[in-house]
Amino acid sequence: MNKSHTPSTSNFIKQIIAADLASGKHVKIRTRFPPEPNGYLHLGHAKSILLNFGLAKEYGGACNLRFDDTNPEKEEQAYVDSIVESVKWLGADFGGKALYASDYFDFMYQCAEHLVTSGNAYVDSQSADEMKHNRGFFTKPGVDSLFRSRSSSENLSLLREMRDGKHADGAHVLRAKIDMRSPNINLRDPALYRIKKATHHRTGDKWCIYPMYTYAHPIEDAVEKITHSLCTLEFEDQRPFYDWLLNKLADGGLLQRPLPQQIEFARLNLTHVLLSKRLLIKLVEGGHVDGWDDPRMPTLAGARRRGYTADGLRRFAERIGVSKAHQMIDYSILEDCMREHLNEIAPRRMAVLDPIKLVIENYPEGQEELMDVPNHPQKPEWGKRQVPFSRELWIERDDYTDSPPKGYFRLAPGATVRLRYGYAVKCEGYHNGIVRCTYLAETRSGTPGADAVKVKGNIHWVSVKHAHAAQVHLYDRLFKIEHPESVEHLNPDSIKTVSAQLEPGLKDSKESHVQFERHGYFICDDGRVNRTVTLRDSWAKH
RNA sequence: UGGGGCGUCGCCAAGCUGGUCUAAGGCACCGGAUUUUGAUUCCGGCAUUCCUAGGUUCGAAUCCUAGCGCCCCAGCCA
């Protein structure tokens, strides 16, 4: 249905899907995005969300939003809420209803009993330290637990006692019985269930044993009839267990084939930011930022407040692609995607961020004119607005200099520039902090005389009398170095608040994106004005 | 030094059932044109080379062998 859209380039996952569809293994695909509700979603998750939902859309399938809530000690409803909000904001269609791993706890437990009775799992009563010790090393095979040979009836009653709260945390753990000597450490009898007398944010105190991710995830996928289960590279070693488990359960009649297939891709790495929940939590709790949704945070909630758009993120995901090679993407790619999108949707406005006064000495005192200003020069259909012009204007401090460097074509003594959409003015001097000019009355924009005078420079302005003063937040990157590792690398100038002068009529917009001409893209939200990203500036290189 | 992955232009990334590859595309970069945003847009340039070394073949980024480099795995986290 979106065939008219630019066909995205091929990638290895699409090839697998296309082959599965062609062979008839699946008639319809289903993917899923499975966050753990233990933090806010960040830019890295956006890649995964856009990938999973994007594939579903492209192939006419579906994608589930499923919370992997198997560890009650770390998870909270507040995180669930923020995640749902971010996923919706990204435009992902998950059918309106989020799913939860905890909804399958009963079934997972049933599967556990089956594994026990079929001799594929046992209750181990070693301490965590003993288990660790007996697991061995990379080069040293593990050794069997003393409890590995318990009878299935003993295992079953122990498992039930665990479930019924008869044992303390850590007293026992249910383990898969595979091979303690496997070269793949993940196959050395991985833990399936642990005792955790904790209250779960959804199931309350119903359970005191909780499934491990390793065990729960494949079952979640199978129950939901996921066809392609996409995850990041670090789970590659887990895939043999994923398949082992599912096949055992399918053999036992608990699951139907075809079983889901786990496919791994490289996670997103971005320069100038940290994308690990652990470090992000540190920033929040250490008070280095104003919370998870601080506009400088690489969270989706933060990105949104910064003025980043879902569409910009989509372009970004498309641009970086998907593969198994580790990617390190320069942050400027993301910024560029935002510019690309914002350039299309943001109406243009004038704002002076660092104001100094300009007086047109030969412009009649008290006179005012309304200038016709296009809302978007490349989109005449967006119409024009009228902006008041008068004798005293605010202009940008940077647009005047006493000693112009070579190639400078803004205001300097004797120089002529155009006040964008107004008149051409000639600079007569600078006294008492005020730039003094004279204007050429016949050069009003939109009149034939406008083209008679050619100027290089073109600067924006706001009439002093009509200006709307506002605090504008100029955001820059949170970290000053390319590969930050800790709070020491925070950029001290990541936020600067300036007293700006905006053209009238800009104050009461809600989550609206605008371009301040010659500055960049900003988002106005309930009186708060944030800079999303600057415009490209090839002059700044000089 | 066990197991699993990855290695194509500065950054991504197609290609990988061998020839149409003197290697697509994007971003960056460098020109040049348009422009009342030093923005946007436009046009042109940008890997005889595919981690290295051998081999197979009439022919290899694509197959084989041996190296080298990087990442991941020893939670009752996900």
Side-chain angles (χ1 to χ4, degrees), chain A residues 9-12 34-36 38 68-71 73-75 124 126-128 131-133 135-142 169-175 181-188 190-196 209-210 212-214 216-217 231-240 264 266 271 277 315 318-330 332-333 336-337 339-340 343-344 348 350 373-374 376-378 407-410 417-422 424 443 445-446 450-451 454-460 515-520 534-542:
Chain A
T9 48
S10 153
N11 64 49
F12 76 103
E36 180 188 14
N38 68 343
D68 220 330
D69 52 351
T70 58
N71 187 351
E73 288 169 346
K74 293 185 176 173
E75 299 152 6
D124 194 352
Q126 294 182 108
S127 68
M131 260 184 72
K132 179 186 168 83
H133 181 258
R135 187 154 27 230
F137 306 83
F138 296 142
T139 53
K140 181 183 165 213
D169 286 17
H172 309 284
V173 45
L174 182 73
R175 289 231 255 173
R181 279 159 298 280
S182 171
N184 179 350
I185 292 179
N186 297 288
L187 258 21
R188 320 241 263 227
L192 270 26
Y193 266 96
R194 75 285 217 188
I195 301 171
K196 239 187 223 302
I209 56 172
Y210 291 93
M212 301 285 293
Y213 160 86
T214 315
H217 205 87
C231 60
T232 44
L233 257 24
E234 65 268 29
F235 294 104
E236 265 172 330
D237 292 340
Q238 214 91 75
R239 190 173 60 228
E264 311 84 13
T271 64
K277 279 185 194 168
R315 290 166 196 247
E318 195 63 42
R319 199 179 282 192
I320 63 176
V322 178
S323 75
K324 296 190 74 161
H326 294 85
Q327 43 176 215
M328 177 55 79
I329 308 290
D330 197 284
S332 62
I333 303 284
D336 199 66
C337 288
R339 287 192 190 101
E340 192 180 284
N343 177 46
E344 291 172 14
R348 269 91 253 233
M350 291 200 282
V373 180
H376 189 128
Q378 280 77 47
Y408 186 86
F409 46 76
R410 278 115 91 159
V417 303
R418 170 165 294 280
L419 292 170
R420 194 161 166 73
Y421 306 120
T443 61
S445 284
D451 296 326
K454 283 291 170 204
V455 294
K456 271 291 234 183
N458 211 303
I459 68 174
H460 61 278
Q515 182 201 84
F516 287 162
E517 296 207 40
R518 303 210 302 134
H519 279 301
T534 62
L535 246 30
R536 268 214 196 85
D537 184 1
S538 53
W539 169 250
K541 289 173 186 168
H542 291 244

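Letters A, B, ... mirror the listed sequences (proteins, then strands); counts begin at 1. None of the values given here were measured: they were computed from a predicted structure.
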Taking the [atom1] atom of each, how far is [N] from [M], in whole Å?
{"N": "B:G15", "M": "B:C50", "atom1": "C1'", "answer": "10 Å"}
{"N": "B:U56", "M": "B:G18", "atom1": "C1'", "answer": "11 Å"}
{"N": "B:C9", "M": "B:A23", "atom1": "P", "answer": "14 Å"}
{"N": "B:A14", "M": "B:U8", "atom1": "P", "answer": "11 Å"}
{"N": "B:U20", "M": "B:A66", "atom1": "C1'", "answer": "32 Å"}
{"N": "B:G45", "M": "B:U1", "atom1": "C1'", "answer": "50 Å"}
{"N": "B:C21", "M": "B:U48", "atom1": "P", "answer": "16 Å"}
{"N": "B:C68", "M": "B:U57", "atom1": "C1'", "answer": "26 Å"}

Using side-chain heavy atoms (C-beta onward) and a distance below 4.5 Å, is A:Arg194 in contact with A:Asn71? yes
When you compare the side chain of A:Asp336 with that of A:Arg536, does any pair of heavy atoms fall below 4.5 Å? yes
Intra- and inter-strand pairing of RNA chain B, written as dot-bracket with Watson-Crick and G-U pairs under 3.5 Å and | for the latter, reads .(((((((.[[[..)...(.....]]].(((((.......))))).....[[[[[..)....]]]]])))))).....
Scan side-chain atoms only and decide if A:Ser182 and A:Asn184 contain a donor-acceptor pair under the 3.5 Å cut-off. no
Got a list of protein N/O to nucleotides 68-71 of chain B N/O distances below 3.5 Å?
residue : atom : partner  : partner atom : Å
B:C71   : O2'  : A:His326 : NE2          : 3.0

Protein proximity profile, nucleotides 73-78 of chain B - base contact B, sugar-phosphate-only contact S, no contact -, cut-off 4.0 Å on heavy atoms: BBSBSB
Name the residue from A:Arg348, A:His460, A:Arg420 that meets the side chain to side chain donor-acceptor pair (under 3.5 Å) definition with A:Glu517. A:Arg420
Would you please name every residue forming a side chain to side chain contact (heavy atoms under 4.5 Å, CB included) with A:Pro141, sequence neighbours left out? A:Arg181
Which residues share a side chain to side chain contact (heavy atoms under 4.5 Å, CB included) with A:Thr214, sequence neighbours left out: A:Gln238, A:Phe241
Syn versus anti for B:G55, judged by chi lying within 90° of 0? anti
Spatial distance of atom CG (A:Asp69) from atom CD (A:Glu75) [nearest 0.5 Å]: 5.5 Å
Which nucleotide in [options] has an atom nearest any side-chain atom of [X]:
{"X": "A:Tyr408", "options": "B:A13, B:U37, B:G38", "result": "B:G38"}
{"X": "A:Leu233", "options": "B:A39, B:G7, B:G5", "result": "B:G5"}
{"X": "A:Lys324", "options": "B:A14, B:U37, B:C6", "result": "B:C6"}

Please list each protein N or O that sits under 3.5 Å from an N or O in nucleotides 9-11 of chain B, with the distance.
residue : atom : partner  : partner atom : Å
B:C11   : O3'  : A:Met328 : O            : 3.2
B:C11   : O2'  : A:Met328 : O            : 3.1

